[in-house]
Amino acid sequence: MMSIYGVMGDPVEHSLSPPMHAAAYESTGVEATYLRFRVEEGNVKEAVHGASALNIDGLNVTVPHKGTVAALPSVELDETAERIGAVNTLVFGDEGYDAEELSAEEEAKGDSENENSNGDEKPVARGYNTDASGALRALERKTEVGGKEAVLVGAGGAARAIAFALAGEGATVDIVNRTVERAEKLADEVNEAVGNTDDTEADELDEEMSDVGGDEETKTATAQPLDALEDVVPDADIVVNATTVGMEEDVSPVPADALRPHHVVFDAVYTPLETRLVRDAEEVGATTVDGAWMLVYQGAEAFEIWTGKTAPVEKMNAALREKL
Ligand code: NAP
């Protein structure tokens, strides 16, 4: 039977996921279709439960619903999605997430109260975050990430996924954001998730830090205001933009004179593809990765979760770039 996948968001009309996934189905012989679903802010829960009831196989979730979906009690989160607090990929109909099966279980238990009033609390889907692994796979096209020093500009949704991905791979991350409090909050969460120290002597350092409140030098993630970029960028290995700066205007969030030839510069912005940051980086001879690669790899990973097949990354990339 034809599988049904799609993307829910608002707005969603311009999503580039449909052609990318269609190319993957064509190339792998998967019988499936991929649709756009515009879901308004107040209807997220109904949409997820409706998709489950309609036996839709999987959904991507995009702006502004990633956090709302992660907070639904009826969506069971994988570890990465839970840490980040955002879901961009839902799987329905897996064992344990089949609505029919679940209500049959309820009946068998004779749980009549739950049948009507509390059914929503039962899992209908499993939620993943493939933005994190997508960003990592994009960067890994050009560099190893473990042990590297990264500067990440931004502390919004994309930055959260990228910060956890970099730190999880063993990089240190300077999170630089216009609203420094958001960077501080994200840095605290990342440090907590990774145990707050480098790998060596982790236990002793953990103990010492809990006594003195933490040593900036040993922390995986730190937070900085935007004007720190001049200082922190030159010595970094990896520079990532995860702000919206560069989308509307031809400006870069990173001062051009802080860029160096040894940098690997990754811009999550993909409209335009050639941002001012990417151009500035190319001009100094740095290595660059554009935002389309993150989009391709987050889609590739969703395809792999849904179908169990290896994603045809180059085909998906070509289909996406044709539309950009
Ligand atoms: P978001 O949650 O709204 O976060 C926006 C970020 O940009 C915040 O850190 C914000 O700082 C910062 N910012 C906005 N205007 C700024 C300005 N004038 N100067 C300095 N900083 C500014 O957005 P998002 O969802 O994370 O998306 C960020 C970018 O990543 C977008 O371009 C999006 O298209 C892209 N993205 C790409 C992919 C991909 O697959 N390639 C996936 C997801 C997102 P404050 O905290 O101070 O407001």
Side-chain angles (χ1 to χ4, degrees), residues 7 9-12 14-17 20-21 60-70 80-81 84-89 128-139 141 151-166 173-187 189-190 221 223-229 233 239-255 265-278 288-303 311 313 316-317 320-321 323-324:
V7 54
D10 189 16
V12 80
H14 303 296
S15 168
L16 296 167
S17 291
M20 203 165 66
H21 283 274
N60 282 133
V61 181
T62 190
V63 176
H65 301 323
K66 294 180 189 185
T68 313
V69 168
T80 308
I84 299 168
V87 163
N88 81 326
T89 302
Y128 297 83
N129 188 306
T130 70
D131 285 332
S133 48
L136 201 59
R137 284 170 75 176
L139 262 171
R141 291 181 64 81
V151 171
L152 169 64
V153 196
R160 286 186 68 80
I162 295 169
F164 282 102
L166 290 169
V173 196
D174 274 333
I175 303 168
V176 183
N177 196 45
R178 179 177 61 177
T179 311
V180 74
E181 294 78 12
R182 272 183 108 186
E184 281 164 0
K185 183 173 176 289
L186 178 55
E189 287 177 50
V190 168
Q224 318 264 1
L226 274 187
D227 60 15
L229 282 170
V233 166
V239 181
V240 181
N241 174 38
T243 71
T244 48
V245 178
M247 289 182 78
E248 301 293 329
E249 286 178 77
D250 189 33
V251 291
S252 168
V254 179
V265 176
F266 166 44
D267 199 337
V269 173
Y270 56 87
T271 48
L273 211 44
E274 270 244 319
T275 58
R276 176 73 174 266
L277 171 60
V278 166
T288 60
V289 181
D290 67 41
W293 284 113
M294 177 173 168
L295 200 59
V296 166
Y297 282 113
Q298 64 76 31
E301 179 125 340
F303 174 89
V313 169
M316 295 174 83
N317 178 50
L320 173 65
R321 280 170 201 272
K323 302 282 176 189
L324 279 170

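Below, each value reflects all heavy atoms present in this structure, side chains not excepted, and no hydrogens, waters or symmetry copies. All ligand and atom numbering here is 1-based and tracks the order in the structure.
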Report the part of Met247 (side chain from C-beta onward, or backbone N, CA, C, O) that has a heavy atom under 4.0 Å from ligand 1; answer both or neither where that applies.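 Under 4.0 Å from ligand 1, Met247 contributes side-chain atoms alone.
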Where on Asn177 is there a heavy atom closer than 4.0 Å to ligand 1, on the side chain, on the backbone, on both, or on neither?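 Asn177 to ligand 1: side-chain contact only, backbone stays beyond 4.0 Å.
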Side chain to side chain donor-acceptor pair (under 3.5 Å) with Asp131: which of Thr80, Thr89, Asn88, Thr62?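 Filter result, single survivor: Asn88.
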Is the charged tip of Arg137 near the ring of Trp293: under 6.0 Å from the six-membered ring centre and within 45° of its axis?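 Judged by the rule, Arg137 and Trp293 form no cation-pi pair.
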Tell me if a side-chain donor or acceptor on Asn129 pairs with a main-chain N or O of Ala86 at a distance below 3.5 Å.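 Pair found, side chain donor or acceptor close to backbone of Ala86.
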Under the salt bridge (charged side-chain N to carboxylate O under 4.0 Å, His left out) rule, what do Arg276 and Glu249 come out as? Steps first, then yes or no, please. CA-CA 9 Å; Arg276 176 73 174 266; Glu249 286 178 77; over 6 Å; no
Any idea which of [options] brings a heavy atom closest to [atom]?
atom: atom 14 (C) of ligand 1; options: Thr244, Asn88, Val251, Val245; result: Thr244
atom: atom 26 (O) of ligand 1; options: Ala158, Ala86, Ala161, Ala242; result: Ala158
atom: atom 40 (O) of ligand 1; options: Val269, Thr275, Leu295; result: Leu295
atom: atom 47 (O) of ligand 1; options: Thr179, Leu186, Asp290; result: Thr179

For atom 42 (C) of ligand 1, state whether the nearest protein heavy atom is under 4.0 Å away.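 True for atom 42 (C) of ligand 1.
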Are any of the protein's heavy atoms under 4.0 angstrom from atom 18 (N) of ligand 1, yes or no?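 Given the 4.0 Å limit, the answer for atom 18 (N) of ligand 1 is yes, a protein heavy atom qualifies.
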Atom pair CD (Glu274) and CG (Asp250), whose distance is rounded to the nearest 0.5 Å: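 The CG atom of Asp250 is 10.0 Å from CD of Glu274, to the nearest 0.5 Å.
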How far does NZ of Lys66 sit from CG of Asn60, to the nearest 0.5 angstrom?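 Rounded to the nearest 0.5 Å, the NZ-CG separation comes out at 9.0 Å.
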Any idea which protein heavy atom is nearest [atom], and the distance to it?
atom: atom 4 (O) of ligand 1; answer: Gly156 CA, 3.5 Å
atom: atom 36 (N) of ligand 1; answer: Ala268 O, 3.9 Å
atom: atom 29 (C) of ligand 1; answer: Thr243 O, 3.4 Å

Give the atom numbers and elements of ligand 1 that come within less than 4.0 Å of a heavy atom of [X].
X: Gly157; answer: 2 (O), 26 (O)
X: Gly154; answer: 9 (O)
X: Arg182; answer: 8 (C), 45 (P), 46 (O), 48 (O)

Flag [X] as yes when one of its N or O atoms lies below 3.5 Å from any N or O atom of ligand 1, and as no otherwise.
X: Gly291; result: yes
X: Ala155; result: yes
X: Arg178; result: yes

Nearest heavy atoms of [X] and [Y], plus distance in Å:
X: Ile175; Y: Ala221; answer: CD1-CB, 4.2 Å
X: Ala292; Y: Arg321; answer: CB-NH2, 3.5 Å
X: Val180; Y: Pro225; answer: CG2-N, 3.7 Å
X: His21; Y: Ala302; answer: CE1-CB, 4.5 Å

Close approach of Gly134 to ligand 1, heavy atoms, under 4.0 angstrom: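 So Gly134 does not count as touching ligand 1.
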Qualifying residue, where the test is side-chain contact (heavy atoms from CB on, under 4.5 Å) with Asp290 and the options are Leu295, Asp267, Leu273, Thr275: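 Of the listed options, the one satisfying the test is Leu273.
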